[in-house]
A.B. asks: 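So that we are looking at the same thing, I have put the structure below in structure tokens.
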Amino acid sequence: MMAASGRLACFRLPPLPSVGELIKLYNLRAEKQLSQNFLLDLRLTDKIVRQAGGLRGAHVCEVGPGPGGLTRSILNAGAADLLVVEKDTRFIPGLKLLSEAAPGRLRLVHGDILTYRLDRGFPPNISKPWEGDPPDLHIIGNLPFSVSTHLIIKWLENVSNRTGPFVYGRTRLTLTFQKEVAERLTASTGSKQRCRLSIMAQYLCTVHNCFTIPGRAFVPKPEVDVGVVRFTPLVQPQIQQPFQLVEKVVRNVFQFRRKHCHKGVEKLFPEACRVELTQEMMQKADVDPILRPTYLTIPQIRALVDAYAHLCAHEPGLLNYEFREELRLKHIARKRNTASPTFTDTPESPPQPR
């Protein structure tokens, strides 16, 4: 028993200034324009870390650690190798202090997670086959609201291509989002929150809305509550088509959420052949054209995507067609026509001498 508690103690950080004291020490303020909100309650950061699963001896990447509250909880959970990626220079001194308190366990990168090459961030020998268990690698982050949706879409595309952090296998993600976004990511068929994001996340991952953190727990207090969401990539995605093609169909279908689904499908095709191709796609997919987008199941979305891929294979130009671009060109043509001066067929007669 003594040996076990000794092993546990070796993961605990030595006495350090509290996160609140560090914020005062380095005069740190959450920047509103960067949508930063600090989580100072270590009981809550511990709770987020528990959602990721056992971290003892694990490799972890923390996104945007800020003043380091979540960082402490990850280290205290026993992570052997923690890579933190922080863009904001103001937080670097406090993170360096944590790095010195956990020698050999915390690597600090001053950079942007949107461009940082996570596929090079960890040793290749931690990789696991995609069909096997997930690798002992986790991505954890209390994300700024301004980048969270953009970042998860980027990572979902990485899941689809097995690139970025997914070169190591089915790397798990535990991330915070605005409560509304967390509800969209996990929304089931027929629910009000069901949207493009729900489909894109759920066709590639098992997505679990873990718990909600009240806004008052953050400094400064945001106007919304925050949801903690866990993603585990599926061995087999539910739609077997390129990410960009899936995203295009789903985006078009959900642009008219309150209308019948065929309204969005129509916009996948040029006006000249819109009616016939929409009818052909709906029949091929065997999907009721008057279903609302929110009531489409992932198998029905898969059928629509497969039908669209089939049409694109026969008409390669379809894939690059965007109806908004066609509208824009028509608008330009109309403006040009109305602005053109009119000319008579016969030139004006020269003046006659008197």
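Quick caveat, the model's predicted, so the values are computed rather than measured.
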A.B. asks: Among the clusters formed by ILVMFWY side chains lying less than 4.5 Å apart, do I239 and L234 turn up in the same one?
C.D. replies: no
A.B. asks: For residues L245 and F269: do they belong to one hydrophobic cluster (side chain heavy atoms under 4.5 Å, members Ile, Leu, Val, Met, Phe, Trp, Tyr)?
C.D. replies: yes
A.B. asks: Is the backbone of Q202 close enough, under 3.5 Å, to the side chain of Q238 for a donor and an acceptor to pair up by distance?
C.D. replies: yes
A.B. asks: Show, in sequence, the C-alpha distance, side-chain angles and deciding distance for E180 and R184, and conclude whether the salt bridge (charged side-chain N to carboxylate O under 4.0 Å, His left out) test is met.
C.D. replies: CA-CA 6 Å; E180 187 182 304; R184 287 177 190 163; 2.4 Å; yes
A.B. asks: Taking ILVMFWY side chains as joined if any heavy atoms are under 4.5 angstrom apart, and letting links pass through other members, which residues group with L327?
C.D. replies: Y321, F323
A.B. asks: Is there a side-chain hydrogen bond (donor to acceptor under 3.5 Å, both in side chains) between Y308 and K248? Walk through the geometry before answering.
C.D. replies: CA-CA 10 Å; Y308 180 65; K248 185 180 181 186; 2.9 Å; yes
A.B. asks: Between P135 and F122, is there a side-chain heavy-atom distance shorter than 4.5 Å?
C.D. replies: no
A.B. asks: Has F211 got more than 12 heavy atoms of other residues, nucleotides or ligands less than 6.0 Å from its CZ?
C.D. replies: yes
A.B. asks: Output, in order, the C-alpha distance, side-chain angles, deciding distance and verdict of side-chain hydrogen bond (donor to acceptor under 3.5 Å, both in side chains) for T163 and N158.
C.D. replies: CA-CA 5 Å; T163 55; N158 286 158; 3.0 Å; yes
A.B. asks: Would you confirm whether W130, through its side chain, and R170, through its main-chain N or O, come within 3.5 Å as a donor-acceptor pair?
C.D. replies: no
A.B. asks: How far does CD1 of I48 sit from OG1 of T176, to the nearest 0.5 angstrom?
C.D. replies: 6.5 Å
A.B. asks: For T278 and R274, indicate whether the former's side chain and the latter's backbone hold a donor-acceptor pair under 3.5 Å.
C.D. replies: yes
A.B. asks: Where do I199 and R194 land on the side chain to side chain contact (heavy atoms under 4.5 Å, CB included) test, with the steps shown first?
C.D. replies: CA-CA 8 Å; I199 305 297; R194 186 80 159 174; 3.5 Å; yes
A.B. asks: Rounded to the nearest 0.5 Å, how far apart are CD of E280 and NE2 of H314?
C.D. replies: 9.0 Å
A.B. asks: May I have the step-by-step check of side chain to side chain contact (heavy atoms under 4.5 Å, CB included) for S99 and L108, ending in yes or no?
C.D. replies: CA-CA 8 Å; S99 179; L108 173 56; 5.5 Å; no
A.B. asks: Please tell me if the side chains of V63 and L151 come closer than 4.5 Å, counting only heavy atoms from C-beta onward.
C.D. replies: yes
A.B. asks: Mind listing the closest non-hydrogen atom pair of L318 and C312 along with its distance?
C.D. replies: CB-SG, 3.9 Å
A.B. asks: What do the steps show when you test K128 against Y168 for side chain to side chain contact (heavy atoms under 4.5 Å, CB included), and what is the final call?
C.D. replies: CA-CA 6 Å; K128 288 281 179 74; Y168 306 100; over 6 Å; no
A.B. asks: Minimum heavy-atom separation for F145 to F177, with atom names?
C.D. replies: CE2-C, 4.2 Å
A.B. asks: Go through the steps to decide whether E183 and K192 satisfy the test salt bridge (charged side-chain N to carboxylate O under 4.0 Å, His left out), and finish with yes or no.
C.D. replies: CA-CA 10 Å; E183 287 171 348; K192 264 196 307 191; over 6 Å; no
A.B. asks: May I have the step-by-step check of side-chain hydrogen bond (donor to acceptor under 3.5 Å, both in side chains) for Q51 and R172, ending in yes or no?
C.D. replies: CA-CA 11 Å; Q51 298 304 317; R172 288 160 289 186; over 6 Å; no
A.B. asks: Treating Ile, Leu, Val, Met, Phe, Trp and Tyr as nodes and any side-chain heavy-atom pair under 4.5 angstrom as an edge, say whether L296 and I298 lie in one connected cluster.
C.D. replies: yes
A.B. asks: Hey, what do you get for OG (S160) to CD (E247), rounding to the nearest 0.5 Å?
C.D. replies: 11.5 Å
A.B. asks: When rounded to the nearest 0.5 angstrom, what distance separates OG1 in T171 from CZ in R162?
C.D. replies: 12.0 Å
A.B. asks: Looking at K96, I want to see if its NZ is surrounded by more than 12 non-hydrogen atoms of other residues, nucleotides or ligands under 6.0 Å.
C.D. replies: no
A.B. asks: Is the count of non-hydrogen atoms from other residues, nucleotides or ligands lying under 6.0 Å from H150 atom NE2 greater than 12?
C.D. replies: no
A.B. asks: Begin with the C-alpha distance, continue with both residues' side-chain angles, and end with the deciding distance and a verdict on side-chain hydrogen bond (donor to acceptor under 3.5 Å, both in side chains) for E62 and T71.
C.D. replies: CA-CA 7 Å; E62 187 191 354; T71 316; 2.6 Å; yes
A.B. asks: Taking all non-hydrogen atoms of both residues, which atom of H59 and which atom of I126 are closest, and how far apart?
C.D. replies: NE2-CG2, 3.3 Å
A.B. asks: Hey, does V226 have a side-chain heavy atom less than 4.5 Å from the side chain of K179?
C.D. replies: no
A.B. asks: Flag the pair L304 / M281 as yes when at least one side-chain heavy-atom distance between them is below 4.5 Å, and no otherwise.
C.D. replies: yes
A.B. asks: Can any side-chain N or O of S73 pair as donor or acceptor with the backbone N or O of D46 at less than 3.5 Å?
C.D. replies: yes
A.B. asks: Taking the side chain as C-beta and beyond, is there a heavy-atom pair between R230 and H138 under 4.5 Å?
C.D. replies: no
A.B. asks: Salt bridge (charged side-chain N to carboxylate O under 4.0 Å, His left out) for E322 and K267? Distances and angles first, verdict last.
C.D. replies: CA-CA 8 Å; E322 289 289 345; K267 299 298 187 281; over 6 Å; no
A.B. asks: Rounded to the nearest 0.5 Å, what separates atom CG in D306 from atom CD1 in I301?
C.D. replies: 11.5 Å
A.B. asks: Is there a side-chain contact between V265 and V287 (heavy atoms, below 4.5 Å)?
C.D. replies: no
A.B. asks: Output yes when a side-chain donor or acceptor of H110 lies under 3.5 Å from a complementary backbone atom of K87, and no otherwise.
C.D. replies: yes
A.B. asks: Quick one: pull up CG in L95 and CD1 in I92 and give me the separation to the nearest 0.5 Å.
C.D. replies: 5.5 Å
A.B. asks: Could you tell me whether the side chain of L55 reaches within less than 4.5 Å of the side chain of D136, counting heavy atoms only?
C.D. replies: no
A.B. asks: Please determine whether residues L114 and L143 belong to a single hydrophobic cluster, defined as Ile, Leu, Val, Met, Phe, Trp and Tyr linked transitively by side-chain heavy-atom distances below 4.5 Å.
C.D. replies: yes
A.B. asks: Provide the closest heavy-atom pair for L42 versus G69 in the form atom of the first, atom of the second, distance.
C.D. replies: CD2-O, 3.6 Å
A.B. asks: Are E157 and Q244 linked by a side-chain donor-acceptor pair shorter than 3.5 Å?
C.D. replies: yes
A.B. asks: Take F231 and V229 through the side chain to side chain contact (heavy atoms under 4.5 Å, CB included) test and state the conclusion after the steps.
C.D. replies: CA-CA 7 Å; F231 303 79; V229 183; 3.7 Å; yes
A.B. asks: Looking only at heavy atoms, which two atoms of L39 and A217 are closest? And how far apart?
C.D. replies: CD1-O, 3.6 Å
A.B. asks: Taking all heavy atoms of A187 and all of S191, pick out the closest pair and write down the distance.
C.D. replies: CB-OG, 3.3 Å
A.B. asks: Flag the pair K259 and E266 as a salt bridge only when some basic side-chain nitrogen lies within less than 4.0 angstrom of an acidic carboxylate oxygen.
C.D. replies: no
A.B. asks: Do the non-hydrogen side-chain atoms of V207 and T232 ever get within less than 4.5 Å of each other?
C.D. replies: no
A.B. asks: Find out if a path of hydrophobic residues (ILVMFWY) with successive side-chain heavy-atom gaps under 4.5 Å connects I290 to F254.
C.D. replies: no
A.B. asks: In terms of side-chain geometry, is the basic nitrogen of D81 or R105 positioned less than 4.0 Å from the acidic oxygen of its partner?
C.D. replies: no
